[in-house]
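Take a look at the structure below.
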Amino acid sequence: MSKEITSREADYSQWYNDLVLKSGLADYTPVRGCMVIKPYGFALWENMRDTLDRMFKETGHVNAYFPLLIPKSFLSKEAAHVEGFAKECAVVTHYRLMNDPNGGGVIVDPEAKLEEELIIRPTSETIIWHTYKDWIQSHRDLPLLINQWANVMRWEMRTRLFLRTSEFLWQEGHTAHATRQEAVEETERMLDIYAQFAEEFMAVPVIRGIKTASERFAGAEETYCIEAMMQDGKALQAGTSHFLGQNFAKAFDVKFANKENQMEYVWATSWGVSTRLVGALVMAHSDDEGLILPPRIAPFQVVIVPIYKGEEQKKLIDEKVNAIMKELKSYGIRVKYDDKDNARPGWKFAEYELKGVPVRMAIGARDLEQNVVELARRDTREKSTVSLDGISDHIRQLLEDVQQAMFDKAQKFRDEHITEVNSKEEFIRLLDEKGGFLSAHWDGSTETEDAIKEATKATIRCIPLNNKQEEGKCVWTGKPSSQRVLFARAY
RNA sequence: CGGGAGGUAGUUCAGCCCGGUAGAAUACCUGGUUUGGGACCAGGGGGUCGCAGGUUCGAAUCCUGUCCUCCCGACCA
């Protein structure tokens with residue numbers, strides 16, 4: 001069949017590409033690094049987006065929208081920020097096309113050159129802080145808790161569907177606070193929300209931590225992150241939350257009058273997750289048969305496949321299925337009845353396994369006689385025959401079991417792939433043999449971090465929050481260290 | 001952005017070396033038989049061979065350029 005998927009063992013990268021393309025999540029386009037997110041992939045993203053959006057609103061945030069295009073001059077206002085993004089910005093230089101006088105289609109009209117070039121946003125700190133200057137005068141205007149759902153563009157050299165695309169969808173929260181402490185609290189609060197979302201909805205366990213200076217967001221004082229572990233033992237940053245200090249307030253001159261009527265610069269945070277989460281989800285759970293989606297964000301939680309001979313049987317099954325569907329929907333369960341006649345049951349089974357639907361229900365004439373259905377769960381591929389009495393409660397419980405089992409399995413894998421190492425030799429050996437996170441002492445210097453990266457391609461993923469303090473010696477240089485940090489090769 | 005590989009029907013691919021009427025499987029359409037793990041029979045439609053130049057009487061095939069994809073590297077979240 002054309003829907004063969006490369007096995008993980010044969011070629012992990014190709015397995016991932018096959019999965020994304022053949023399960024209908026996304027497709028390539030004529031533009032390098034840009035993808036079409038297909039309806040099934042978008043439905044998945046919508047469920048993630050809607051859940052996060054609700055969590056943001058529950059914590060007092062509101063949505064707004066800032067423009068796609070940013071005046072070039074804005075980018076140069078915060079030194080570290082420019083440095084971080086300058087190399088990957090797309091620039092708008094003209095505003096008009098014209099017919100080529102020499103024939104051959106349209107060309108850029110040389111007369112239509114912009115006086116000030118515009119940047120397609122790689123992130124929106126600059127345009128937002130420019131705007132905040134006008135919105136903030138007094139401590140009474142704070143905190144300002146705004147989020148936006150948007151697309152951004154970063155001119156990536158090497159792209160991969162969902163994991164690293166030039167254009168991607170994300171949310172970026174940008175908040176302003178009266179005190180350092182409040183801003184730090186906000187940064188940590190949003191990191192917790194990301195972690196909670198990843199674990200409770202995506203069933204992906206994550207480690208909360210702080211980035212080292214070299215991995216920090218350009219313009220941040222501190223970058224917090226959640227790090228996840230993929231099935232090939234590579235780490236993936238799933239979300240970041242930045243404490244921006246007063247860097248942007250100073251760059252864009254955003255001050256407020258405090259209660260003593262003294263002018264102070266405001267304190268800032270920004271935080272984001274992107275469509276990269278879809279890639280994380282795929283790589284964390286799926287198998288060689290296809291996607292495995294966690295029930296809480298799967299576009300369909302249950303698919304029902306009828307098995308019948310002749311119209312009479314079909315009619316009886318339809319009646320029963322309609323009653324089941326009505327009840328399932330009243331429980332808030334997303335259910336699809338696939339009764340199209342151009343594919344046989346076996347084909348449908350394979351198709352919905354490829355698409356990762358958590359629970360499949362097969363129902364035939366034989367089942368009707370016995371008042372049962374066959375349920376198959378995608379994560380373990382176990383089948384069971386279940387009475388139709390109380391079927392909705394049974395399915396509701398099954399979906400919760402699947403959600404929990406997926407998390408437990410991923411967590412077990414992750415925990416088994418955190419290894420304490422104490423010597424350079426062990427570090428190098430385990431990185432190749434086992435992969436995963438290596439928990440090792442580090443002397444705290446960027447030079448050592450760079451040297452390790454140069455030699456092994458592993459980077460410091462994070463310094464875990466609430467990290468145990470213990471005396472030790474740097475795994476690379478032998479210099480004194482007060483705590484272990486997590487190293488890994490990463491996406 | 002450097003090195004390598006690839007792009008031919010919706011999809012997977014053959015044809016290219018050695019230029020001469022564009023093929024297979026599968027998918028799709030019609031009709032029929034089927035339906036508990038990717039059904040079968042009969043008939044049918046579908047491709048400016050990624051794009052642009054060049055060589056030639058003639059280019060999917062040879063040459064040049066360019067775009068997209070994959071792998072490796074550099075860069076990057």
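Just so we're on the same page: letters track the sequence lines, and every chain starts at 1. All values derive from a computational prediction rather than experimental measurement.
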What is the separation between atom CD1 on A/Ile317 and atom P on B/G36, rounded to the nearest whole Å?
12 Å
In whole angstroms, how far is the C1' atom of B/A27 from the CD atom of A/Glu351?
12 Å
Looking at A/Asn467, A/Thr459, A/Ile418, which hits side-chain contact (heavy atoms from CB on, under 4.5 Å) with A/Leu486?
A/Ile418
Less than 4.5 Å apart, any side-chain heavy atom of A/Ile391 and any of A/Ile395?
yes
Considering only the P atoms, how many Å lie between B/G53 and B/G6, rounded to the nearest integer?
25 Å
What is the distance from atom CD of A/Gln14 to atom CD1 of A/Ile5, rounded to the nearest 0.5 Å?
11.0 Å
Output yes when at least one side-chain N/O atom of A/Lys348 is less than 4.0 Å from OP1 or OP2 of B/G37, else no.
no
So, A/Gln231 and A/Arg8: side-chain donor and acceptor under 3.5 Å apart, yes or no?
yes
Result for 5'-nearest mapping on RNA chain B, choosing between A/Gly84 and A/Ala365, is A/Ala365
Separation of A/Glu454 atom CD from B/C75 atom C1', in whole Å?
13 Å
Taking C-beta and beyond as the side chain, do A/Met283 and A/Tyr16 meet within less than 4.5 Å on heavy atoms?
yes
How far does the P atom of B/G10 sit from the matching atom of B/C62, given to the nearest Å?
23 Å
Between the OG1 atom in A/Thr175 and the CH2 atom in A/Trp271, the distance rounded to the nearest 0.5 Å is 7.0 Å
Mate of B/G73 where both pairing distances stay under 3.5 Å, Watson-Crick or G-U:
B/C1
Hey, what's the ring geometry for A/Phe217 with A/His242, parallel, tilted or perpendicular (30° and 60° as the breaks)?
parallel
In terms of side-chain heavy atoms of A/Pro345, which of B/C76, B/U35, B/G38 is nearest?
B/U35
Using the C1' atoms only, state how far B/G15 lies from B/G32, rounded to an integer number of Å.
36 Å
Re B/U30: Watson-Crick or G-U wobble partner, both distances kept under 3.5 Å, found to be B/A42
Residue closer to the 5' end of RNA chain B, A/Ala218 versus A/Ile363 (nearest nucleotide)
A/Ile363
Is there a donor N/O on one and an acceptor N/O on the other, under 3.5 Å, for the side chain of A/Lys383 and the base of B/G37?
yes
I need the NZ-P distance between A/Lys309 and B/C40, as an integer number of Å.
18 Å
Find out whether A/Tyr352 and A/Arg378 are in side-chain contact, i.e. whether some heavy atom of one side chain is under 4.5 Å from a heavy atom of the other.
no
Mind checking the P distance from B/U55 to B/A59? Whole angstroms is fine.
11 Å
Looking at B/A9, which nucleotide sits across from it as a Watson-Crick or G-U wobble partner, both distances under 3.5 angstrom, or is there none?
none
Assigned partner base of B/U48, Watson-Crick or wobble definition, under 3.5 Å
none
Searching all strands shown, indicate the nucleotide that pairs with B/C18 (Watson-Crick or G-U wobble; both distances under 3.5 Å).
none
Using atom CD of A/Glu289 as one end and atom P of B/G38 as the other, report the distance to the nearest whole Å.
13 Å
Going by atom types only, do A/Tyr308 and A/Asp339 share a side-chain donor-acceptor pair under 3.5 Å?
no
Go through the N and O atoms of the side chain of A/Arg366 and the base of B/G36, and report whether any donor-acceptor pair is under 3.5 Å.
yes
Taking atom types as they are modelled, is there a donor-acceptor pair under 3.5 Å from the base of B/C76 to the side chain of A/Arg154?
no
For nucleotides 41-51 of chain B, list the nitrogen or oxygen atoms of the protein found under 3.5 Å from its nitrogen or oxygen atoms, one pair per line.
none

For residues A/Ser7 and A/Glu9, is any side-chain donor paired with an opposing acceptor at under 3.5 Å?
no
C1' atom, B/C71 versus B/G58: distance in rounded Å?
38 Å
Suppose you measure atom P in B/A14 against the same atom in B/A25; what distance do you get, rounded to whole Å?
16 Å
Using the P atom in both, what is the distance from B/C40 to B/U61, to the nearest Å?
37 Å
Check the distance between B/G37's P and A/Ile307's CD1 and give it to me in whole angstrom.
7 Å
Are any of the side-chain heavy atoms of A/Val335 and A/Met361 separated by less than 4.5 Å?
no
Base, sugar-phosphate, or nothing: which does A/Arg360 touch, judged by heavy atoms less than 4.0 Å apart?
base
Per A/Asp341 side chain, nearest of listed nucleotides B/G37, B/G36, B/U34:
B/U34
Shorter than 3.5 Å, N or O on both sides, protein versus nucleotides 66-74 of chain B: list them out with atom names.
from  : atom 1 : to       : atom 2 : distance (Å)
B/U69 : OP1    : A/Gly33  : N      : 3.0
B/U69 : O3'    : A/Tyr28  : OH     : 3.2
B/C70 : OP1    : A/Tyr28  : OH     : 3.0
B/C72 : OP2    : A/Arg158 : NH2    : 2.4
B/G73 : OP1    : A/Lys457 : NZ     : 2.6
B/G73 : N7     : A/Arg158 : NH1    : 3.4

Nucleotide forming a Watson-Crick or wobble pair with B/G37, both distances under 3.5 Å:
none
Side chains of A/Ile452 and A/Phe427: does their closest heavy-atom pair fall under 4.5 Å?
yes
In whole angstrom, what separates A/Asn342's CG from B/U34's P?
18 Å
Between B/C57 and B/C51 - P atom distance, rounded Å:
25 Å
Between CD of A/Glu312 and C1' of B/U35 the distance, given in whole Å, is 16 Å
Looking only at side-chain N and O atoms, does A/Arg344 come under 4.0 Å of OP1 or OP2 in B/A39?
yes
